[in-house]
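Working notes, beginning with the structure itself.
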Amino acid sequence: FPSHDKVPQISVAPKFKTIEFKTWLLDFVKKNNIHIVIPNMDAATVDLAELKLDFEAMNIYAVVSSEMICKIMEDKILSDEWFKSNQIPTPNNDRYPIIIKHKFGFGGKNQYLAKDESSKNVFLKDKSASDYIMQNYVCGKEYTVDAYVDRLGGIVGLVPRQRLKIIDGEVNESLTVRHTTIESITKNLLS
């Protein structure tokens, strides 16, 4: 955050999803006269959504969706169900290879590519299958879309980016592109 002397500062916070984090964040924004809070990862959106009313009472704008939507989007199984119920395409689970991902996984962690039923069973042997989503492995170009929706639900902007270099599941290099299909799907999703 910018300090009074214009030198950016970094503060170390408690872990997300703890009472300590929520208490720390409320205190931090108040002490530092912060007026807007923007999360940049799924776990942060959930915590921020839970604090949204507290922030509003302090006249601080939390740039975050509803608590329900944040919790659905954090859980890969719930988000897949939500997408399907809203006619938004997601990979099926009807052929191998399949990608197996922990429902709360991030950064490419806890993923496994199963080439057949046997390799799937070996991976899940000591795990609860209900904690994992299994989808057809899709090969091709991968995209991320950055988007911003205003308080009234209007799309302010959206920027598709082709993911060029990924390290530990996180985009390290990308290329901004115009992609009408992705833009159309994103507009539908954001509506």
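Worth knowing before you read on, the calculation uses all heavy atoms, side chains too, and leaves out hydrogens, waters and symmetry mates.
- Classification of Lys84 and Glu81 as a salt-bridged pair fails, no side-chain N sitting under 4.0 Å from a carboxylate O.
- A salt bridge links Lys31 with Asp27: at least one charged nitrogen is closer than 4.0 Å to a carboxylate oxygen.
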**Request:** List the steps, then state whether side-chain contact (heavy atoms from CB on, under 4.5 Å) holds for Glu56 with Asp54.
**Result:** CA-CA 6 Å; Glu56 285 176 7; Asp54 295 295; over 6 Å; no
**Message:** Walk me through whether Asp75 and Lys71 qualify under salt bridge (Lys or Arg N to Asp or Glu O under 4.0 Å).
**Reply:** CA-CA 7 Å; Asp75 182 318; Lys71 286 182 177 180; over 6 Å; no
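- From Gln111, atom CD reaches atom NZ of Lys101 across 6.0 Å, with rounding to the nearest 0.5 Å.
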**Request:** Check the pair Val37, Ile60 against side-chain contact (heavy atoms from CB on, under 4.5 Å), reporting the backbone distance first and the verdict last.
**Result:** CA-CA 8 Å; Val37 181; Ile60 297 168; 4.0 Å; yes
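- Separation of atoms CD (Glu50) and OG1 (Thr45) is listed at 9.5 Å; rounding is to 0.5 Å.
- Residue Lys120 holds its NZ atom at 5.5 Å from CE of Met134, rounded to the nearest 0.5 Å.
- Between Phe104 and His102, the two ring planes are tilted [angle within 30° to 60°].
- Geometrically, Lys127 engages Phe123 in a cation-pi contact defined by less than 6.0 Å to the ring centre and at most 45° from the axis.
- Between atom CE of residue Met58 and atom CG of residue Leu51 there is a gap of 9.5 Å, rounded to the nearest 0.5 Å.
- Between atom CZ of residue Phe83 and atom CD1 of residue Ile72 there is a gap of 10.0 Å, rounded to the nearest 0.5 Å.
- Within 6.0 Å of CG in Asn59 there are 12 or fewer heavy atoms belonging to other residues, nucleotides or ligands.
- Between the side chains of Arg161 and Thr176, no donor N or O sits under 3.5 Å from an acceptor N or O.
- Considering only heavy atoms from C-beta on, Ile100 stays 4.5 Å or farther from Gln135 through its side chain.
- With a 6.0 Å radius and a threshold of 12 heavy atoms from other residues, nucleotides or ligands, Lys115 has its NZ atom at or below the threshold.
- With rounding to the nearest 0.5 Å, the separation of OG1 in Thr186 from CG in Leu189 is 7.0 Å.
- By the criterion of side-chain heavy atoms lying less than 4.5 angstrom apart, applied directly or through intervening Ile, Leu, Val, Met, Phe, Trp or Tyr residues, Val145 is grouped together with Ile155 in one hydrophobic cluster.
- Linking Ile, Leu, Val, Met, Phe, Trp and Tyr residues whenever their side-chain heavy atoms come within less than 4.5 Å leaves Met73 and Val64 in two separate clusters.
- For Tyr137, the OH atom is loosely surrounded, since the number of other residues' heavy atoms within 6.0 Å does not exceed 12.
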**Ile166/Arg163 under side-chain contact (heavy atoms from CB on, under 4.5 Å): CA gap, chis, key distance, verdict** = CA-CA 7 Å; Ile166 294 105; Arg163 296 164 64 115; 3.8 Å; yes
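- For the residue pair Gln87 / Asn188, no side-chain donor-acceptor distance below 3.5 Å is found, with atom types taken as modelled.
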**Item:** Stepwise ring-ring contact (aromatic ring centres under 6.0 Å, His included) test for Tyr132 and Tyr112
**Value:** CA-CA 10 Å; Tyr132 291 82; Tyr112 180 73; 9.9 Å; no
**Message:** Evaluate Arg178 against Glu183 for salt bridge (Lys or Arg N to Asp or Glu O under 4.0 Å), listing each step before the verdict.
**Reply:** CA-CA 8 Å; Arg178 288 296 319 243; Glu183 290 171 23; 2.8 Å; yes
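- A donor atom on one side chain and an acceptor atom on the other are not found under 3.5 Å apart for Ser118 and Asn121.
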**Asked** Does the side-chain contact (heavy atoms from CB on, under 4.5 Å) test come out yes or no for Ser174 and Tyr143, once each step is laid out?
**Response** CA-CA 9 Å; Ser174 64; Tyr143 295 87; over 6 Å; no
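- No side-chain N or O of Asn93 forms a donor-acceptor pair with one of Asn136 less than 3.5 Å apart.
- Listed by chain and number, the hydrophobic cluster partners of Val63 are Ile36, Ile38, Tyr61, Tyr148, Val156, where partners are ILVMFWY side chains within reach of under 4.5 Å, directly or through others.
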